[in-house]
Amino acid sequence: MTTPKRSLRKIILLGDSGVGKTSLMNQYITKKFRPQYKSTIGADFVTKEVHIGDKLVTLQIWDTAGQERFQSLGVAFYRGADCCILVYDVNVLKSFETIQNWHQDFLKQVNPSNPETFPFVLIGNKVDVDGGNSRVVDKTRAENWCKSKGDIPYFETSAKEDYNVDAAFLRVAQISLASQ
Ligand code: GDP
Ligand code: MG
């Protein structure tokens with residue numbers, strides 16, 4: 001047996017306050033959902049190891065600590081990001097419209113050499129709410145936006161019911177690994 005090749009990838013979570021970024025991260029890392037999270041997690045990031053083929057990838061996931069309200073996250077947050085997860089709430093139109101700004105802001109801050117192919121993943125969270133009846137952004141609209149930005153992968157999730165959360169983060173691991 002050979003030792004798997006190790007690599008580290010910095011992942012950042014962006015999106016409006018309240019869309020479920022911290023809940024998604026906690027569900028992924030700890031398999032738990034708590035109705036209330038403190039806006040700060042007391043650390044800059046959490047890590048999780050994932051096997052992709054013969055590689056062992058350490059995902060270093062950076063969550064905002066409430067500063068997203070002011071749309072100013074500081075350079076340290078963005079610096080060296082390998083993948084950006086954009087999160088909105090399918091029940092809140094504004095949170096989807098703002099995705100455009102988060103996407104733009106990310107590209108401005110990080111200034112990647114190939115902005116067209118930089119790995120993003122879009123997540124539409126909280127699909128469980130009201131059995132889907134209070135949803136205001138339909139899937140096609142989100143998918144069309146993703147296509148217009150160079151085929152960004154799109155996942156619909158529920159951090160509360162642990163629906164599609166692993167699948168979304170697995171894709172994050174795959175595309176961030178493939179990108180270097
Ligand atoms: P953040 O500000 O983006 O980090 O959002 P939080 O993770 O703090 O979540 C904001 C609120 O939405 C909290 O009350 C969460 O419990 C709730 N929440 C997060 N994800 C879901 C979800 O998938 N379904 C439902 N019903 N509530 C969620
Ligand atoms: Mg949060």
Side-chain angles (χ1 to χ4, degrees), residues 9-48 59-79 81-107 109-110 119-143 145-146 152-173 176:
R9 290 293 182 270
K10 177 175 175 179
I11 314 297
I12 70 175
L13 280 159
L14 288 181
D16 284 0
S17 177
V19 296
K21 299 178 300 296
T22 304
S23 300
L24 284 163
M25 191 183 75
N26 280 286
Q27 182 57 268
Y28 179 58
I29 303 279
T30 67
K31 293 276 134 221
K32 281 189 189 113
F33 177 79
R34 291 186 203 90
Q36 218 57 56
Y37 283 108
K38 296 263 183 287
S39 57
T40 174
I41 54 167
D44 291 334
F45 57 80
V46 296
T47 60
K48 175 141 170 155
L59 297 183
Q60 188 187 73
I61 307 168
W62 290 57
D63 185 23
T64 46
Q67 330 88 300
E68 70 270 36
R69 281 188 196 87
F70 314 105
Q71 283 238 4
S72 65
L73 300 174
V75 281
F77 185 77
Y78 290 99
R79 191 180 291 129
D82 297 297
C83 179
C84 173
I85 309 177
L86 300 164
V87 186
Y88 76 98
D89 176 343
V90 298
N91 309 287
V92 179
L93 182 59
K94 176 84 173 26
S95 73
F96 176 71
E97 291 170 345
T98 320
I99 285 298
Q100 175 73 26
N101 305 349
W102 287 114
H103 179 258
Q104 249 175 36
D105 192 48
F106 176 89
L107 290 176
Q109 298 280 347
V110 174
F120 286 95
V121 166
L122 178 67
I123 291 183
N125 188 41
K126 305 200 193 182
V127 293
D128 64 281
V129 172
D130 200 15
N133 288 319
S134 61
R135 174 177 190 133
V136 292
V137 181
D138 63 41
K139 202 173 179 182
T140 317
R141 186 168 173 192
E143 284 171 345
W145 184 83
C146 287
I152 294 176
Y154 177 56
F155 290 86
E156 302 210 319
T157 61
S158 166
K160 185 178 181 186
E161 297 183 350
D162 195 15
Y163 168 73
N164 236 2
V165 177
D166 280 1
F169 278 96
L170 177 61
R171 183 67 76 85
V172 166
S176 57

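Whatever order the structure lists ligands and atoms in, that order sets their numbers, starting from 1. Since we're looking at a predicted model, the values are computed, not measured.
Of the N or O atoms in A159, one or more lie within a sub-3.5 Å distance of an N or O in ligand 1. At least one N or O atom of G18, backbone or side chain, sits closer than 3.5 Å to an N or O atom of ligand 1. In terms of polar-atom proximity, defined here as any N/O pair under 3.5 Å, S23 does make such a contact with ligand 1.
Checking each of D128, D162, N125, N164 against T157 for a side-chain hydrogen bond (donor to acceptor under 3.5 Å, both in side chains) leaves exactly one that passes, namely N125.
A parallel orientation is assigned to the rings of Y28 and F169, their planes being inclined by less than 30° (bins at 30° and 60°). In this structure, H103 and W145 have perpendicular ring planes: the angle between them is above 60°, well past the 30° mark.
If you number the atoms of ligand 1 from 1 as listed, the ones under 4.0 Å from a heavy atom of D16 come out as 3 (O). Against a heavy-atom cut-off of under 4.0 Å, S17 is close to the following atoms of ligand 1: 2 (O).
Inspection of the D89 and S95 side chains reveals no N or O donor paired with an N or O acceptor under 3.5 Å.
The closest donor-acceptor contact from the side chain of S176 to the backbone of A173 lies under 3.5 Å.
At least one heavy atom of F33 sits less than 4.0 Å from an atom of ligand 1.
The residue from T157, L14, D128, V129 that puts a heavy atom closest to atom 24 (N) of ligand 1 is D128. The option from K126, K21, M25, E161 that lies nearest to atom 28 (C) of ligand 1, judged by heavy atoms, is K126. Across N125, V165, D130, T22, heavy-atom proximity to atom 8 (O) of ligand 1 is greatest for T22.
Taking 2.8 Å as the criterion, T22 counts as a coordinating residue of the Mg ion (ligand 2), since one of its N, O or S atoms falls below it.
Other residues, nucleotides and ligands contribute only 12 or fewer heavy atoms inside 6.0 Å of the NZ atom of K94.
Between K139 and Y154 there is a side-chain heavy-atom pair separated by less than 4.5 Å.
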